[in-house]
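First comes the structure, then the notes that go with it.
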Amino acid sequence: MRSLRMGLACLAAGLIASGAARAATDGTAPDLKSLGPTQPAKLQDGQYTDKNGDPTYHVTDGGKKVDWYTMSGYVRYNSNCIVCHGPDGMGSTYAPSLVDSLKTMDYAHFAGIVLGGKKDVSASQELVMPAFGDNRNVTCYLPDIYTYLRARAEGALGRNRPPKHEPKPAAFTKAEDACMK
Ligand code: HEC
């Protein structure tokens, strides 16, 4: 699993201290304001995190533009999860709506379920969430999938493919290559 890169960036620390939504004044510090209730506290290598260090989205342009991780998460969701959880995370007759689940689920809890699986033994129909712990098409993109579903759950992002996205960070490509090797 690609770890969240949590190095201490002076720039990001400064942004937290001065309020995440404050606009850039010198053209180098990014404006972290996002649609939706969770405002990013930090941006590093194209990845936004909240004040708890959990991955979060950066949706701008009236919901039309997303950060790279949200875009990547959309793509990965559609290849690995959609078959059971339905289009746009909306759920199906077999598996729950992740748009609902992610309203209250932090990253650690989410990662635990996706890597380890989940089985509802009490249901009349046996419901099984498969464990993806050894599937690198999922484990290498776990923050991405979480970020995408979080944007959906918190109402920052509508249905369908986001039309625009922020550029792919060089650090993303590097981490992806290392993880998929
Ligand atoms: C083969 C069908 C299937 C696939 C594929 C699948 N899931 Fe699930 N998932 C389920 C079922 C069924 C449950 C409900 C299990 C239960 O209630 O115990 C579930 C539950 C979950 C939950 C917990 C929801 C909650 O509210 O507790 C999360 C999170 C989740 N899935 C994420 C994912 C992600 C992310 C992917 C893609 C990487 C994925 N699932 C792929 C069937 C699937």
Side-chain angles (χ1 to χ4, degrees), residues 1-6 34-38 40 45-59 63 66-162 165-166 168-169 171-181:
M1 171 170 54
R2 182 171 60 229
S3 65
L4 276 171
R5 291 169 292 282
M6 302 300 281
S34 178
L35 292 175
T38 300
D45 293 334
Q47 181 160 55
Y48 297 79
T49 43
D50 66 14
K51 57 180 170 27
N52 301 320
D54 275 359
T56 196
Y57 52 85
H58 187 234
V59 179
V66 301
D67 61 283
W68 176 261
Y69 281 82
T70 298
M71 191 66 219
S72 166
Y74 170 84
V75 172
R76 299 293 158 180
Y77 176 86
N78 279 280
S79 37
N80 298 289
C81 321
I82 191 173
V83 58
C84 293
H85 290 281
D88 309 303
M90 306 277 282
S92 72
T93 50
Y94 180 67
S97 159
L98 297 179
V99 173
D100 287 339
S101 300
L102 274 269
K103 288 189 199 318
T104 52
M105 195 179 283
D106 66 12
Y107 182 63
H109 188 184
F110 172 84
I113 293 171
V114 179
L115 299 178
K118 190 178 176 215
K119 194 166 171 179
D120 188 349
V121 285
S122 65
S124 51
Q125 174 197 17
E126 193 175 83
L127 299 174
V128 181
M129 161 68 191
F132 286 92
D134 55 10
N135 181 341
R136 280 192 275 185
N137 290 312
V138 174
T139 58
C140 293
Y141 304 94
L142 216 46
D144 318 34
I145 299 172
Y146 180 79
T147 302
Y148 160 67
L149 289 170
R150 186 173 188 181
R152 292 279 303 126
E154 296 186 359
L157 186 64
R159 301 190 63 166
N160 301 318
R161 188 183 182 92
H165 60 77
E166 293 173 14
K168 184 176 186 172
F172 179 95
T173 310
K174 221 176 138 193
E176 184 178 41
D177 289 349
C179 186
M180 293 298 282
K181 220 181 262 164

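In listed order, ligands and their atoms are each counted from 1. Keep in mind that the numbers below use all heavy atoms, side chains included, and drop hydrogens, waters and symmetry copies.
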Residues Asp67, Tyr57; criterion side chain to side chain contact (heavy atoms under 4.5 Å, CB included); working and verdict: CA-CA 7 Å; Asp67 61 283; Tyr57 52 85; 4.0 Å; yes

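- Looking at Leu98, Leu115, Asp120, it is Asp120 that brings a heavy atom closest to atom 17 (O) of ligand 1.
- Side chains of Tyr77 and Ile82 form a contact here, defined as non-hydrogen atoms less than 4.5 Å apart.
- Contacts between Val128 and ligand 1, counted as non-hydrogen atom pairs separated by less than 4.0 Å, involve the backbone only.
- Under 4.0 Å from ligand 1, not a single heavy atom of Tyr77 appears.
- The contact set between ligand 1 and Phe110, taken as ligand atoms under 4.0 Å from a residue heavy atom, comprises 29 (C), 35 (C).
- Near Lys119, the atoms of ligand 1 lying under 4.0 angstrom from a non-hydrogen atom of the residue are 18 (O).
- The closest side-chain heavy-atom distance from Tyr48 to Glu166 is below 4.5 Å.
- Scanning Lys103, Arg76, His109, Met129 for the heavy atom closest to atom 19 (C) of ligand 1 points to Met129.
- Atom CE in Met129 sits 7.0 Å away from atom SG in Cys81 (nearest 0.5 Å).
- Ligand 1 has a nitrogen or oxygen under 3.5 angstrom from a nitrogen or oxygen of Ser101.
- For ligand 1, the polar-atom distance check finds no N/O of Tyr94 at less than 3.5 Å from any of the ligand's N/O atoms.
- Under a cut-off of 6.0 angstrom, the local environment of NZ in Lys174 is sparse, with at most 12 non-hydrogen atoms contributed by other residues, nucleotides or ligands.
- Below 4.0 Å from some heavy atom of Cys84 lie the following atoms of ligand 1, by number and element: 1 (C), 2 (C), 3 (C), 4 (C), 5 (C), 42 (C), 43 (C).
- Other residues, nucleotides and ligands contribute only 12 or fewer heavy atoms inside 6.0 Å of the NZ atom of Lys51.
- Numbered from 1 in the order shown, with element, the atoms of ligand 1 that lie under 4.0 Å from a heavy atom of Phe132 read 5 (C), 39 (C), 41 (C).
- Each of the atoms 25 (C), 27 (O), 29 (C) of ligand 1 lies under 4.0 Å from some heavy atom of Met105.
- Taking the six-membered ring for Trp and thresholds of 30 and 60 degrees, Tyr146 and Tyr107 have ring planes more than 60 degrees apart, a perpendicular arrangement.
- Restricting His85 to its N, O or S atoms, the one at the least distance from atom 8 (Fe) of ligand 1 is NE2.
- Distance CG/Leu115 to CG/Leu142: 5.0 Å, rounded to 0.5 Å.
- Of the possible donor and acceptor atoms, one in the side chain of Arg136 sits under 3.5 Å from a partner among the backbone N and O of Cys179.
- Counting heavy atoms under 4.0 Å from ligand 1, residue Ile113 touches it through the side chain alone.
- Of all atoms in ligand 1, listed by their number and element, those nearer than 4.0 Å to a heavy atom of Val114 are 32 (C), 35 (C).
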